[in-house]
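Naming convention: chains lettered A, B, ... in sequence-line order (proteins, then strands); numbering from 1 in each chain. This structure is a prediction, so every number in the text was calculated from the model and none was measured.
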Amino acid sequence: MSNLPTAPETLADYVSGNLWLFFAIATAAIMGYLTLNALFLIWLERKISAHIQRRLGPMEVGWHGVLQTVADMLKLLSKQLVTPRAIDKPLYHLAPVVVFAPVIASVAMFPFAEDLVILDIELSLAYVFVFGGIGIIGIFMAGWGSNNKYALLGAMRSVAQNISYEIPLILSALSVVLLVSGLEPVIINDNDQLRPASGISLIDIAIVQDAKGWWFVLVQPVAALIYFIAAVAETNRAPFDIPEAESELVAGFHTEYSGMRFAMFFFAEYTNMIIVSMVATVLFFGGWSGPLLPGPVWFFGKTYLLIGGMMWFRWTFPRLRFDQLMSFCWTVLIPLSIVNLLVTALVLELL
Amino acid sequence: MSKPRAEAEHDSDEHETEKMSRILGSSVAELAESSEHADYAKYGYHHVYLANIESIPEITRHFFDAGYLLEMVTCQDRRDDAGTMRLVYTFNHLAHLDRHLVHADVAADAEAPSITSLYQAADWFEREVYDMYGVRFSGHPNLKRILLPEDADFYALRKDFGRIEDAPQES
Amino acid sequence: MRYVRRVLGGLISLFVGLSITLRELFKKPVTLQYPHEKPSLSPAYRSAIKLIRFDETNSHDCVACLACQKICPSFCIDIEGGKVEGIKKKRATKFTMDFALCSLCGLCIDVCPTVTLEYSKLYDEAGYNRDWNMDLLEEFTDYEEQFITEQREREEKAAAEKKAKAAAAKAKAGKNEKAGKNEKAGKNEKAGKNEKADKVGGQAEEGEA
Amino acid sequence: MSTEPNPEPNPAMAPDGDPEVYYLNMGPQHPSMHGVLRLVLKMRGEEILEAEPVIGYAHRAHEKMAENRNYLMFLPNTSRVDYLSGMIYNIAYCQAIEKIMDIEVPERAEYIRIIACELNRISSHLLWFGTFLLDLGGITPFLYCFDDREEILDILDSVTGSRLTYSYGRFGGVTMDVDSAFVARTRAFLARMRDERLPKYRRLVGDNVIFRERCEGVGVITRDVAFRYGVTGPCLRSTGVAYDVRRAEPYSIYDRFEFKIPTRVEGDTMARFDLRIEEMEESCKIVEQAVDGLPEGPIMPAKPKKRYRPPAGEYYFAVESARGHFGTYIISDGTDVPVKLKLRTPSFSNLSSMPDVLRNTMVADTIAIVGSIDVVMPEIDR
């Protein structure tokens, strides 16, 4: 990936004729990365859960079972796709794609290092949230299209949960946006044009933290915590995994999906994890910034550390009940994030 | 109905509950056709009654009012000896050990009065008796098969069903 | 205030939980990698029933009394047998147990009068079909002829001994009036001893295994 | 025999014309229906209007089998009625027959039985604890519990040779004697359980805010409901009634041991959780006392009977299983085959109270409540 041209110049260069080639390569690279990432994360999750539970986890395929997920994927690929009879065909078949596609698009916008970003869009932060929101439609399509009560219940829970938790998620991100715009502006040299850093661009947020030498988590710990909690909820993971709550709803919205279709949902979950963790890395942990080691190492190190935290959460806590989940969002997270936002604004105004 | 029974038991002292048990025993004995004391150490219960099936709800009411727990309802197929089914009700008191066995004979095709209006516990017990012995209960809210399949055409615990001699012999 | 305390208290309880699982993360796993490692079997381990091979006879001691067949709750034992030409002892000629039905309750072992049944220590028994009707006599069939010859010898020897004893007793009886009584007592004692020895042998073997 | 006319369906479950009301069939194949329980739920959204448990999917006709074989041959069945506390059921059946036939049990055998039964009770509670957390979505405690339970199973395995369906008791005693290794291992287990594991479970689960939110005030069984439905065991004790057969009608040698009957008054899921954890502690206490007092001697009567023919009559014998009042009701006609053998299993009555308890709860609560009353389906279906 490092030999890919960086976005700012290359876009301009390639617009003339090679745009499609560039996108083809980029998409392939992202897909490849995401697949490997999902395989790795699933293995990691199984290992972490196993060791938390004093087990060993997969040990058979490859060194400490590292190829286990590859074998699992091959198995899923070779499985028969069972299609229930009374489904809503278009919705049912489209749902895995709708869930999976936006997450690919999001990854393209992350600055893995200062000069390593595939798509540098000014509104990248907003875009990431927008794409994150599309996945919910897919989940609801899956739940509705399956014509299964468990799936529908799971899908409805999922939609309610995701829409609710998007509010604290965005509000806490907004505190960072405010911070970037409100602090003494950092001037960025963009194609020989000097401009102040924009709070809504992921790369600018990272640049600001890099330039200032400290991470926003230090001044925004509450926002970071809220963001992390809301992010776990956004990815539908325990203790907020009520849309698939296997002890209640069998498998929730993907009850009726089998084989590779199920794998798509599975992949989307793990890819979502990496996206929210990447956003957290950029927003609160300085993106690629860090001493000694090269940028991408820091970036991915922080991201995977956050993912490890999410896994640790999952294997420690029981699941919340649906109404508790909602009331936690509306009575704790949202008021807290609003207060945090107001305080941030106030402090910035006073400074 | 609304007063918490268990509390009432705890409030009353030992002596009083014993007295209550005696009164209860005599009033149930009056309703029953015959009553006997049993050696608890040997049989595991203190009193055994044989009652007319019609008086079962009334007897149950006595136990219910005295705060006795319905431990089980079951049945015995006595058609070979006496031509009837024998229902067995066991009542016990939670605070002081005092187990009563009430027997009531009922013809296999007759209906027995249900006691579910007092003890909901009897709901499933009576369903089980119906399921296994075919004794039907009048006034039961939901009398249907419970352990056997809904479409079963036999009563599994009747003596004439599924005797081991009748089993198909393996070659 | 109560609200704040609730949220904070809750948060602390969550961190306590996290710290517990984190500590467990770095402890040694307690599981066994099953097909590669196998658990040490308990001394009382119960697996498929088998006939004990006694050292002194190099064979089992089933006399086809059918006690086990009668007590078996799963009706999975099938025994045939009876008198064998040439020896006094009865022998089983067929002893099969269907381990697809057997529940290893051990009632047959309890009732066996010659204590010739015990649990084997077979482990990892699995199969591709339900045909678990095992012939318990299989491992003894090759020795059966030898056993019968040896048994005949043993019986003859025992009879000879008995005869000699009886003769001796008779000789004694010439002097002693209580001869008849003595003989009887001796016989009883011997029978009891034999049974005891058998039992002890059986138990020792069980213990060793 | 003719087929009976189909009785009218449960009136509570009848449709009431509300288009938003629907029915959900939970089980018998469902991840958290504890085997083969089926709940027919009448729901509006996530709210449950009515619930009807449907049972019988694991019916194995134990009572019919009992009528077709002699008393001894029924022994292996007993530990299969409730496979999670098989030891208690197995021993209970032996004790019932011993009581009926006046069989003297040697001291040592009585002590061994107490140890085995209480260990079995702990293992049953542990499994309940693990699966209950599994129902609530907490997977890790389940594995911790299994670690502990494994130790109990190994201990019991070392004397019974079996891990689940023990068939350990015999009329008059037990099959195999315990040795010093067993005693040492039991002591080590008790120490580990009390000093390390139970406090850890309290901190990891009992104090957890999510867990408390899920359990407190959920699935309240009132005293009245418990009384009318014949609920026993921890579910009854969680309503404030200190009824435990080990105290109420002491059997075996339970009157020699000191232990508390823990009670709670709330009657909710949390109370049942607390109670069971405390019961494990009490069981540890009993095991410790029994291990300390373990006398030397035989484990079976000198001359075990060959045939068991109880005198004609009716007998009732109750024990406290891990789930409540377990009664064995035997009608004998003097032969060695019972005329009737009825097993009064606690889960049967406990589960029958569910329509009352589940009314107006949420789907997630349903799982928690059904999990918290600790049903074992084979015991209900028999």
* To do: Would you mind checking which part of D:Ser349 comes under 4.5 Å of any heavy atom in chain B, side chain (CB onward), backbone (N, CA, C, O), both or neither?
  => side chain
* Quick one: of D:Gly56, D:Ser352, D:Gly230, who has the most non-hydrogen atom pairs under 4.5 Å with chain B? -> D:Ser352
* Asked: Should D:Arg247 and D:Glu320 count as side-chain neighbours, where that means a heavy-atom distance under 4.5 Å?
  -> no
* Are B:Tyr119 and B:Phe64 close enough that their ring centers fall under 6.0 Å? -> yes
* Please find out if less than 6.0 Å separates the ring center of B:Tyr43 from that of D:Tyr315. => yes
* **Between B:Phe91 and B:Tyr68, ring centroids under 6.0 Å** => no
* B:Asn92 portion near chain D, given a 4.5 angstrom heavy-atom threshold -> side chain
* Structure fact -> If you tally heavy-atom pairs under 4.5 Å between each of D:Val339, D:Ile100, D:Val54 and chain B, the highest tally belongs to D:Val339
* To do: Could you tell me which portion of D:Phe348 (side chain, backbone, both or neither) has an atom closer than 4.5 angstrom to a non-hydrogen atom of chain B?
  => both
* To do: Heavy atoms only, distances under 4.5 angstrom: which of D:Thr222, D:Leu351, D:Val245 has the most pairs with chain B? Name it, please.
  => D:Leu351
* Measure distances from B:Glu128 to the heavy atoms of chain D and classify the residue's part below 4.5 Å as side chain, backbone, both or neither. => side chain
* Tell me, for B:Ala41 versus chain D, whether the close heavy atoms (under 4.5 Å) come from the side chain, the backbone, both or neither. => backbone
* Asked: Which atoms of B:Val88 come close to chain D, meaning under 4.5 Å heavy atom to heavy atom: side chain ones, backbone ones, both, or neither?
  -> side chain
* Parallel, tilted or perpendicular: which fits the ring planes of B:His47 and B:Tyr49, with parallel below 30° and perpendicular above 60°? -> parallel
* B:Phe154 ring center within less than 6.0 Å of B:Phe161 ring center -> yes
* To do: Quick one: which of D:Met65, D:Arg382, D:Glu314, D:Glu63 has the most heavy-atom pairs under 4.5 Å with chain B, could you say?
  => D:Glu314
* To do: May I ask you to decide if the ring planes of D:Tyr93 and D:Phe74 are parallel, tilted or perpendicular, using 30° and 60° as cut-offs?
  => perpendicular
